[in-house]
Number of protein chains: 2
Amino acid sequence: MNIVNKDRRMTKQRQVILERLREVKTHPTADEVYAMVKEDLPKISLGTVYRNLDILAELGLIQKLEMAGQPKRFDGNPHPHLHGKCIACERVVDLGPDFDFGLDKKINGFKVLDYKLEIIGLCSRCQEKENKLK
Amino acid sequence: MNIVNKDRRMTKQRQVILERLREVKTHPTADEVYAMVKEDLPKISLGTVYRNLDILAELGLIQKLEMAGQPKRFDGNPHPHLHGKCIACERVVDLGPDFDFGLDKKINGFKVLDYKLEIIGLCSRCQEKENKLK
DNA sequence: AATGATAATAGTAATAGTTATCAATAAGAG
DNA sequence: CTCTTATTGATAACTATTACTATTATCATT
Ligand SMILES: [Mn+2]
Ligand SMILES: [Mn+2]
Ligand SMILES: [Zn+2]
Ligand SMILES: [Zn+2]
């Protein structure tokens with residue numbers, strides 16, 4: 001849990017970003033993290049938020065979710081798991097454990113080292129709304 | 001093959017963009033399409049390229065590939081197929097038919113309508129280079 | 001072939017998201 | 001407490017893309 005070392009210090013800003021991100025189950029964008037953290041540290045700058053989100057992801061303490069054609073999102077849960085993007089409410093929700101795609105195999109001569117799977121559909125909340133309309 | 005109708009005209013620009021994109025097996029970005037098309041139409045503007053790539057994708061004549069955290073790429077082949085992104089040469093290569101992920105099912109209450117699968121690894125060309133180095 | 005309505009264009013400004021720069025500050029080792 | 005330097009806040013810069021607009025070109029209709 002101690003990330004402090006020769007070239008990494010634990011600043012108030014870094015600490016609050018990590019804490020606030022860990023206590024939500026949403027997957028906020030950098031802007032949204034900025035808004036959350038400003039409640040505690042009103043003078044923090046957006047650049048600091050971006051910088052620390054990158055560093056925390058690099059350290060493996062959080063996850064950076066890069067969805068196609070949309071701003072990056074961040075996940076306080078560092079353990080790999082499957083995400084769904086709701087086309088109605090735009091939220092990103094947890095769908096449970098990741099598939100085991102089977103790495104290091106080859107497809108058509110291409111050596112598979114990693115993959116990104118993005119599930120698109122309707123979250124349960126939006127399905128309910130849809131049902132009430134008919 | 002005739003996309004002309006009440007509110008869609010076939011311009012020289014649109015035609016050349018479609019032709020040039022169809023004759024390459026790469027997956028160029030808008031900028032790269034711009035460079036290709038300028039050989040035929042030196043006065044075309046980048047905005048026109050973007051606009052037409054969107055329209056052609058909307059018409060189902062080409063594909064827009066939105067990779068996580070990188071500029072969009074375009075594919076002259078409109079039929080769904082699997083793509084691999086090489087971490088060495090940065091190229092996007094065709095890997096053959098798409099998996100049948102099985103749509104309309106539910107994962108954890110989330111209704112799956114679509115998905116994006118991005119394979120990351122080494123293309124065969126870069127694997128050869130790697131082998132020669134040892 | 002000429003006309004006319006309007007889709008599309010070239011050129012450019014604007015925007016969103018993110019990264020880079022840098023003087024001032026503060027974490028933390030000694 | 002002191003010193004080194006990682007980090008910060010503020011802001012500029014950048015990249016990819018979209019929006020705006022006066023002018024031009026397509027094509028259905030005459
Ligand atoms: Mn998650
Ligand atoms: Mn392809
Ligand atoms: Zn929803
Ligand atoms: Zn390669």
Side-chain angles (χ1 to χ4, degrees), chain A residues 1-20 27-59 61-74 85 90 92, chain B residues 1-20 27-59 61-74 85 90 92:
Chain A
M1 199 61 61
N2 185 25
I3 69 170
V4 178
N5 62 43
K6 179 164 57 64
D7 36 37
R8 282 293 178 232
R9 297 170 182 175
M10 180 46 80
T11 63
K12 191 70 190 162
Q13 290 85 339
R14 189 164 296 165
Q15 192 175 300
V16 171
I17 289 168
L18 182 55
E19 279 170 8
R20 298 304 305 262
H27 302 83
T29 62
D31 259 326
E32 290 165 348
V33 173
Y34 180 47
M36 287 158 60
V37 169
K38 263 211 285 205
E39 294 172 7
D40 298 312
L41 305 171
K43 306 212 65 174
I44 197 171
S45 88
L46 181 56
T48 297
V49 172
Y50 270 105
R51 197 175 339 102
N52 278 298
L53 287 170
D54 275 346
I55 290 169
L56 291 170
E58 208 172 281
L59 292 171
L61 296 171
I62 66 172
Q63 265 189 282
K64 191 197 286 201
L65 309 178
E66 318 200 39
M67 324 283 286
Q70 298 147 226
K72 295 176 179 60
R73 293 177 171 273
F74 297 87
K85 171 135 209 307
E90 298 281 282
V92 172
Chain B
M1 201 59 62
N2 185 26
I3 69 168
V4 178
N5 62 43
K6 180 165 56 68
D7 35 38
R8 281 293 177 231
R9 296 171 183 176
M10 181 46 81
T11 63
K12 191 71 192 160
Q13 291 86 339
R14 189 163 296 165
Q15 193 175 299
V16 171
I17 288 168
L18 181 55
E19 279 170 7
R20 299 304 305 261
H27 302 83
T29 61
D31 258 326
E32 289 165 349
V33 173
Y34 179 48
M36 288 159 59
V37 169
K38 264 211 285 204
E39 295 172 6
D40 299 310
L41 305 170
K43 306 213 63 174
I44 196 171
S45 86
L46 180 56
T48 297
V49 173
Y50 270 105
R51 198 179 334 103
N52 278 298
L53 287 170
D54 275 346
I55 290 169
L56 291 169
E58 208 172 283
L59 291 171
L61 296 171
I62 67 172
Q63 264 188 283
K64 191 197 284 201
L65 309 178
E66 318 201 39
M67 324 283 286
Q70 297 147 226
K72 294 177 180 59
R73 294 176 170 276
F74 297 87
K85 170 135 211 304
E90 298 281 283
V92 172

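All chains are named by letter (A, B, ...) in the order of the sequence lines, taking the proteins before the strands, and each is independently numbered beginning at 1.
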For this session: Using whole Å, report how far CD of Q15(A) lies from C1' of dA6(D).
Result: 16 Å
Exercise. Is the shortest heavy-atom distance from the side chain of V92(B) to the side chain of M67(B) under 4.5 Å?
Worked result: yes
Exercise. What is the distance, rounded to the nearest whole Å, between atom CD1 of I55(A) and atom C1' of dT8(D)?
Worked result: 11 Å
Exercise. Where the side chain of D54(A) is concerned, which of dT19(C), dA10(C), dT8(D) is the nearest nucleotide?
Worked result: dT19(C)
Exercise. Can you name the residues that form a salt bridge (Lys or Arg N to Asp or Glu O under 4.0 Å) with D54(A), not counting sequence neighbours?
Worked result: K64(A)
For this session: Mark up nucleotides 12-17 of chain D, 5' to 3', with B wherever a protein heavy atom is under 4.0 angstrom from a base atom, S wherever such an atom reaches only the sugar-phosphate, and - elsewhere.
Result: ----SB
For this session: Rounded to the nearest angstrom, tell me the gap between atom CG in L59(B) and atom C1' in dA7(C).
Result: 14 Å
Atom pairs under 3.5 Å: protein N/O with N/O of nucleotides 19-21 of chain D:
none

Problem set entry | Between P of dA5(C) and CG of D7(B), the distance in whole Å | 18 Å
For this session: Quick one: do H27(B) and L65(B) satisfy side-chain contact (heavy atoms from CB on, under 4.5 Å)? Show the steps, please.
Result: CA-CA 8 Å; H27(B) 302 83; L65(B) 309 178; 3.7 Å; yes
Exercise. With sequence neighbours left out, what residues match R20(B) under salt bridge (Lys or Arg N to Asp or Glu O under 4.0 Å)?
Worked result: E23(B), E39(B), D40(B)
For this session: Please list, chain by chain and in numerical order, all residues satisfying side-chain contact (heavy atoms from CB on, under 4.5 Å) with Y34(B), sequence neighbours excluded.
Result: D31(B), K38(B), I44(B), L46(B), V49(B)
Problem set entry | Straight-line distance of I17(A) CD1 to M36(A) CE, nearest 0.5 Å | 10.0 Å
Exercise. Distance from L61(A) atom CG to N52(A) atom CG, nearest 0.5 Å?
Worked result: 11.0 Å
Problem set entry | Beyond-backbone contact of E90(A) with Q70(A), side-chain heavy atoms, under 4.5 angstrom | no
For this session: State whether T48(A) places a side-chain N or O below 4.0 Å from either non-bridging phosphate oxygen (OP1 or OP2) of dG9(D).
Result: yes
Seminar exercise, completed: Double-helix bend of the helix from dA1(C)-dT30(D) to dG30(C)-dC1(D), axes at both ends from 5 pairs, round to 10°, gives 40°
Problem set entry | Rounded interatomic separation in angstrom, taking CD1 from I44(A) and P from dT11(D) | 16 Å
Seminar exercise, completed: Separation of dA8(C) atom C1' from N52(B) atom CG, nearest Å, is 8 Å
For this session: Give the B/S/- string for nucleotides 23-30 of chain C, one per nucleotide from 5' to 3', where a protein heavy atom under 4.0 Å of the base yields B, of only the sugar-phosphate yields S, and otherwise -.
Result: ---BBSS-
Exercise. Among the nucleotides dT9(C), dA6(D), dT7(D), which one has an atom lying closest to any side-chain atom of R14(A)?
Worked result: dT7(D)
Problem set entry | side-chain contact (heavy atoms from CB on, under 4.5 Å) against R8(A), all qualifying residues, sequence neighbours excluded | N5(A), R14(A), I55(A), E58(A)
For this session: Please name the pair of heavy atoms, one in P28(A) and one in V33(A), separated by the smallest distance, quoted to 0.1 Å.
Result: CG-CG2, 3.7 Å
Exercise. Nearest-Å distance, OH (Y34(A)) to C1' (dT18(C))?
Worked result: 14 Å
Seminar exercise, completed: Across all chains, not counting sequence neighbours, the side-chain hydrogen bond (donor to acceptor under 3.5 Å, both in side chains) partners of R73(A) are none
Problem set entry | By side-chain contact (heavy atoms from CB on, under 4.5 Å) - contacts of Q15(A) (at least two apart) | M10(A), K12(A), E19(A)
Exercise. Does S45(B) have any side-chain hydrogen bond (donor to acceptor under 3.5 Å, both in side chains) partners at least two apart in sequence or in another chain, and if so, which?
Worked result: T48(B)
Exercise. Just how far is it from atom CZ of F74(B) to atom CD1 of I62(B), taken to the nearest 0.5 Å?
Worked result: 6.0 Å
